[in-house]
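Below: one structure, written as C-alpha cells.
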Amino acid sequence: FSIVKNWPKASILLQGIQTEKQPGFLNPFVTAGEIQLSVDLFSVFSNEYKLNEITIKDATISLEINKNRINNYSLFKKSDSSKSLSKKLI
C-alpha cells in the first residue's frame with residue numbers, strides 16, 4: 001500500500017498473481033506479473049473506495065474449452081430460478 005508513489009491516489013501493488021487452475025484445463029485463466037489498483041485517497045477515509053485506475057503488467061489470459069465443451073472464461077452463470085433470465089457473477 002502506498003500513498004506517496006501516485007499522490008494524491010493511494011495504490012496497492014499485487015505481484016505474482018495467478019488464478020487457480022481449474023480441473024480439466026491446461027492453464028490458469030489469468031497470470032500477471034503485477035496488478036496495481038489506484039484509489040482516491042480521500043475516499044479511503046470515508047469507506048467509499050473509488051477505483052481510479054487498474055494497471056496490469058506481464059499478463060497472460062488463457063481461454064480454453066475442455067473436452068466436455070466447457071470453457072474457462074464464462075464470468076456469469078444462469079440464475080437458479082427457472083423464471084429468471086438474469087445472470088449472476090461467479
| message | In the structure I gave you, are the side-chain heavy atoms of Ile17 and Thr31 within less than 4.5 Å of one another anywhere? | response | no
| Between the side chain of Thr19 and the main-chain N/O of Pro28, is any donor-acceptor distance below 3.5 Å? | no
| Is there a path of hydrophobic side-chain contacts, each under 4.5 Å between heavy atoms of I, L, V, M, F, W or Y residues, that connects Ile56 with Leu14? | yes
| task | Please check if Ile35 and Val39 belong to a single hydrophobic cluster, counting links between Ile, Leu, Val, Met, Phe, Trp and Tyr side chain heavy atoms closer than 4.5 Å. | result | yes
| field | Over all atoms of both residues, closest heavy-atom pair of Asn72 and Asn27 | value | ND2-O, 4.4 Å
| Is the backbone of Tyr73 close enough, under 3.5 Å, to the side chain of Asn71 for a donor and an acceptor to pair up by distance? | yes
| query | If you round to the nearest 0.5 Å, how far is CG of Asp40 from OG of Ser46? | reply | 8.0 Å
| task | Evaluate the side-chain proximity of Phe29 to Leu63: yes if any heavy-atom separation is below 4.5 Å, no if none is. | result | yes
| said: Could you measure the distance from the CG atom of Asn68 to the CG atom of Asn66? Nearest 0.5 Å is fine. | reply: 5.0 Å
| query | Between CD1 of Ile54 and OG of Ser11, what distance do you get to the nearest 0.5 Å? | reply | 13.0 Å
| said: How long is the straight-line distance from OG of Ser62 back to CG of Leu26, given to the nearest 0.5 Å? | reply: 7.5 Å
| request: Could you pull out all residues at least two apart from Glu53 that satisfy salt bridge (charged side-chain N to carboxylate O under 4.0 Å, His left out)? | output: Lys9
| Glu34 vs Leu13 side-chain heavy atoms within contact, under 4.5 Å | yes
| said: Quick test of your reading: applying salt bridge (charged side-chain N to carboxylate O under 4.0 Å, His left out), list the pairs with at least one residue in residues 61-72, sequence neighbours left out, ordered by first then second residue. | reply: none
| said: If you count every heavy atom of other residues, nucleotides or ligands that lies below 6.0 Å from Ile61 atom CD1, does the total exceed 12? | reply: no
